[in-house]
Student: 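I am attaching a structure below and will ask some questions about it afterwards.
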Amino acid sequence: MDISKLTKQLNKEQLTAVTASLEHILVLAGAGSGKTRCLTYRIAWLITTGQTNPHNILAVTFTNKAANEMRSRIDSLLDEPAKGLWVGTFHGIAHRFLRTHWQDAKLSQSFQILDSNDQLRSIKRLLKALGADEKVYSPQKIQNFINSQKDEGLRAKNLTADENDVWLNQMIEIYQNYEENCQRSDVVDFGELLLRCYETLRDNPHLLEYYQQRFQFIHVDEFQDTNNIQYKWLQLLAGTTGKLFVVFDDDQSIYSWRGAKVQNIQHLQQDFTDTKLIKLEQNYRSTSKILNAANVLIANNTDRLGKNLWTEHTIGEPITLYRAYSEVDEAWFVTEQILNWQGKKREVAILYRTTAQSRQFEEILLQKNIPYRIYGGLRFYERLEIKDILAYLRLSLNRNDDTAFERVVNTPKRGIGERTVVMLRSEARQQKISLWQVSVNILANDKLKKRAASSLHGFMTLVKNIAKLNLPLRELIEQAVIDINLVEHYQKSGKEEAQGRLENLAELANAAHQFEQQYNSNASVLNGFLDHAALESGEKQSKSSDCVQLMTLHSAKGLEFEVVFLCGLEEELFPHKNSLDDFNLEEERRLCYVGITRARRFLYLCHSNSRFRYGERSICKPSRFIEEIPKELINKVRL
DNA sequence: GTGGCGTGGCTTTTT
DNA sequence: GCCACGCCAC
């Protein structure tokens with residue numbers, strides 16, 4: 001490919017970044033300044049100019065969506081698909097590593113991935129086994145504790161007990177037990193993927209050396225969202241010879257609550273010599289009024305690296321501010337505006353702070369017959385019926401997966417109640433073996449009452465039979481659904497609900513079929529599919545249909561729309577009442593900045609005088625963020 | 001062992 | 001206001 005074709009499409013700063021000499025490059029890229037373009041062109045440039053080949057390049061993102069996007073954009077820039085190039089999410093890449101080096105990682109070949117739901121169940125189970133009171137030790141808090149320790153790269157053994165801190169000591173003990181449980185059941189949670197990958201590299205010089213030599217060029221998207229373990233992993237992988245190319249925007253750091261550290265940017269500048277900072281400040285997305293509002297708003301934050309976005313775009317329309325009487329009125333106003341909009345529906349986004357706000361909009365959009373799509377909420381692979389069937393499939397591969405065992409041992413109901421399960425659990429705990437193992441032993445010893453024994457035996461035979469099925473994935477799933485008798489089971493709780501569940505199961509069989517068609521590895525295809533289900537929660541793409549897009553501000557990052565409605569701009573809601581201290585307030589403001597900068601041409605800010613929350617109507621004050629936007633940019637409307 | 005009723009508590013979310 | 005979970009009655 002002709003290099004000039006590549007470089008012609010870039011502005012001066014982008015060009016500087018893309019063609020920078022081989023040091024560590026940090027690109028501070030403002031909203032809409034061509035961040036992804038910069039990353040993908042850099043990779044294409046490295047390959048096209050022959051400075052390296054795809055085999056030596058790694059590109060890491062946070063979401064599957066971003067990874068897919070990057071992969072396809074790189075492919076379209078190059079004459080031929082880049083073979084050997086690794087593009088993926090942090091978790092996806094760590095997982096790939098662990099699957100390849102399962103022995104060095106001290107896992108079994110058929111280890112399974114625990115999603116956060118499974119993780120929570122597993123913690124609840126553990127608490128019961130330890131006899132801990134769930135009211136004192138909330139499972140959620142423990143989950144948070146464990147995950148944030150893993151984010152920091154800390155294991156239970158790295159934490160020091162403190163005589164004066166009973167809570168901490170308990171947490172450490174629970175964490176320790178949780179780790180042992182996971183290891184025994186051969187499962188890894190999301191945090192574990194990263195931590196385990198990091199440790200395996202750190203502790204195995206031959207692997208570290210191989211990957212350090214291989215990945216000479218490491219690219220990271222949304223670097224401001226990296227947590228500690230991700231940073232340490234990158235640092236380890238880069239070693240002394242790898243070259244980093246990271247793209248970030250400190251003003252769009254909105255994930256500190258899950259361990260992201262903006263300071264990693266400073267750490268990078270300290271830990272690596274020879275770094276170069278390049279700023280991309282020209283915005284190609286929004287009108288200048290919108291951009292201006294965003295700039296002024298974010299200037300209220302003190303903790304910034306500092307940049308000022310500018311644009312050559314037109315001045316544009318003023319920002320519309322609407323003050324509603326109630327959340328119904330707010331939704332009604334938004335809907336009216338959408339009805340007046342001449343363009344594509346998919347170019348319209350309704351953004352809000354909390355998921356609960358979506359319902360109101362949904363109702364009115366439905367009434368007015370406007371097609372819409374809500375992002376977030378329950379994803380495909382998280383649905384109950386999907387998790388049920390997947391649990392059977394997981395067990396068929398890995399009998400020691402206790403989470404899967406507990407999920408389906410009595411689903412459908414087969415008379416294995418709490419008493420039997422409690423017994424199995426305590427035996428398993430004492431003997432430090434899995435529930436399946438205990439069941440095998442117990443049946444052999446005739447320790448159970450006849451009825452329970454035959455039920456348990458029936459369950460185990462069922463799982464073994466599924467394991468024996470030697471069928472393509474689609475048929476395998478269809479057959480398993482029949483063998484398990486899931487249809488009748490779901491029909492017991494309502495015909496209509498069952499209909500939906502069965503449709504989803506059919507959809508799953510289809511997805512499995514598609515997966516199998518594209519699968520090109522020698523490893524078990526079922527195992528591959530289960531990993532796929534755990535790692536890609538199955539957000540349906542609906543670019544094809546022309547729908548109004550509804551989502552939280554968090555999930556809007558990285559997207560752009562012609563028209564944006566920023567709703568619920570009220571004190572206590574946005575900024576949220578739990579985030580009013582200085583540190584969190586700045587993050588809320590960044591969230592607002594993200595929201596504003598999603599809009600290309602039309603931005604609406606909405607707030608309501610009152611809102612129905614927690615079962616009662618409360619009076620709401622307009623958000624301070626509205627006040628922070630210059631009045632001359634705003635056009636107040638009342639109807 | 002299973003189904004029904006009552007109480008609490010409640011951001012954001014990707015993997 | 002709603003959902004999830006725990007406890008209690010069959």
Student: I416(A) CD1 to dT2(B) P: how many Å, rounded?
Tutor: 9 Å
Student: How close or far is atom P of dT11(B) from atom CG of L585(A), stated in whole angstroms?
Tutor: 18 Å
Student: Provide, to the nearest angstrom, the distance between the CZ atom belonging to F97(A) and the P atom belonging to dT15(B).
Tutor: 22 Å
Student: When all nucleic acid strands are considered with a 4.0 Å heavy-atom cut-off, which category describes R613(A): base, sugar-phosphate, or nothing?
Tutor: nothing
Student: Both R414(A) and N584(A) contact DNA chain B. Which one's nearest nucleotide lies toward the 5' end?
Tutor: R414(A)
Student: Can you tell me if R451(A) has over 12 outside heavy atoms packed within less than 6.0 Å of its CZ?
Tutor: no
Student: Base, sugar-phosphate or nothing for F90(A)? Non-hydrogen atoms, less than 4.0 Å.
Tutor: nothing
Student: Less than 3.5 Å between a donor and an acceptor, one on the side chain of R353(A) and one on the base of dT12(B), is that the case here?
Tutor: yes
Student: Among dT15(B), dT12(B), dT11(B), which nucleotide has an atom closest to any side-chain atom of E382(A)?
Tutor: dT15(B)
Student: Before we go on, tell me: are the rings of H101(A) and Y211(A) under 6.0 Å apart, centre to centre?
Tutor: yes
Student: Which residues pass the side-chain hydrogen bond (donor to acceptor under 3.5 Å, both in side chains) test with T354(A), not counting sequence neighbours?
Tutor: Q357(A)
Student: Please report the distance, rounded to the nearest Å, between CG in L384(A) and P in dC5(C).
Tutor: 12 Å
Student: S610(A): what forms a side-chain hydrogen bond (donor to acceptor under 3.5 Å, both in side chains) with it, not counting sequence neighbours?
Tutor: R617(A)
Student: Using a strict cut-off of less than 4.0 Å between a Lys/Arg side-chain nitrogen and an Asp/Glu carboxylate oxygen, indicate whether R611(A) and E570(A) qualify as a salt bridge.
Tutor: yes
Student: Answer with base, sugar-phosphate or nothing: what part of the nucleic acid does D225(A) contact at a heavy-atom distance below 4.0 Å?
Tutor: nothing
Student: Please determine whether a side-chain nitrogen or oxygen atom of N410(A) lies at a distance below 4.0 Å from atom OP1 or OP2 of dT2(B).
Tutor: yes
Student: Using a heavy-atom cut-off of under 4.0 Å over every strand shown, decide if K577(A) touches base, sugar-phosphate, or nothing.
Tutor: nothing
Student: Y392(A): which residues meet the side-chain hydrogen bond (donor to acceptor under 3.5 Å, both in side chains) condition with it, sequence neighbours left out?
Tutor: R414(A)
Student: Out of dT14(B), dT15(B), dT12(B), which has the shortest distance to the side chain of S555(A)?
Tutor: dT14(B)
Student: Does W257(A) stack onto the base of dT12(B), taking stacking as ring centres under 5.5 Å apart and planes under 30° apart?
Tutor: yes
Student: Classify the nucleic acid contact of S116(A) as base, sugar-phosphate or nothing, counting any heavy atom under 4.0 Å across all strands shown.
Tutor: base
Student: Taking 4.0 angstrom as the limit, do K387(A) and D115(A) come out as a salt bridge?
Tutor: yes
Student: What pairs with E571(A) under salt bridge (Lys or Arg N to Asp or Glu O under 4.0 Å), at least two apart in sequence or on another chain?
Tutor: R624(A)
Student: Quick one: label D115(A) by what it contacts on the DNA or RNA (base, sugar-phosphate, nothing), any heavy atom closer than 4.0 Å.
Tutor: nothing
Student: Return the nearest nucleotide to the side chain of K124(A); candidates are dT2(B), dC5(C), dT14(B).
Tutor: dC5(C)
Student: Has the side chain of H91(A) got a donor or acceptor atom sitting under 3.5 Å from an opposite partner on the base of dT15(B)?
Tutor: yes
Student: Below 3.5 Å, does any donor atom in the side chain of R258(A) face an acceptor in the base of dT14(B), or the other way round?
Tutor: yes
Student: To the nearest Å, give me how far apart NZ (K413(A)) and P (dG1(B)) are.
Tutor: 12 Å
Student: Rounded to the nearest angstrom, tell me the gap between atom CD in E536(A) and atom P in dT13(B).
Tutor: 19 Å
Student: Does dT11(B) count as syn, meaning its glycosidic angle lies within 90° of 0, or as anti?
Tutor: syn
Student: Quick check: on DNA chain B, is the nucleotide nearest M551(A) upstream (toward 5') of the one nearest A452(A), or the reverse? Name the residue that is more 5'.
Tutor: A452(A)
Student: From the list dG1(B), dG1(C), dT11(B), which nucleotide is the closest neighbour of the side chain of F612(A)?
Tutor: dG1(C)
Student: I want to check one thing: is the phosphate of dT14(B), taken as OP1 and OP2, less than 4.0 Å away from some side-chain N or O of N64(A)?
Tutor: no
Student: In whole angstrom, give the distance that lies between atom CD1 of I93(A) and atom P of dT14(B).
Tutor: 19 Å
Student: Looking at dT2(B), dG1(B), dT15(B), which one has an atom nearest to any side-chain atom of F190(A)?
Tutor: dT15(B)
Student: Below 4.0 angstrom, which residues in residues 354-367 of chain A have at least one non-hydrogen atom near DNA chain B?
Tutor: T354(A), T355(A)
Student: Whole angstrom is fine here: how far is it from CD1 in I113(A) over to P in dT14(B)?
Tutor: 17 Å
Student: My understanding is that only residues two or more places apart in sequence, or in another chain, count here; which of them pass side-chain hydrogen bond (donor to acceptor under 3.5 Å, both in side chains) with N584(A)?
Tutor: D581(A)
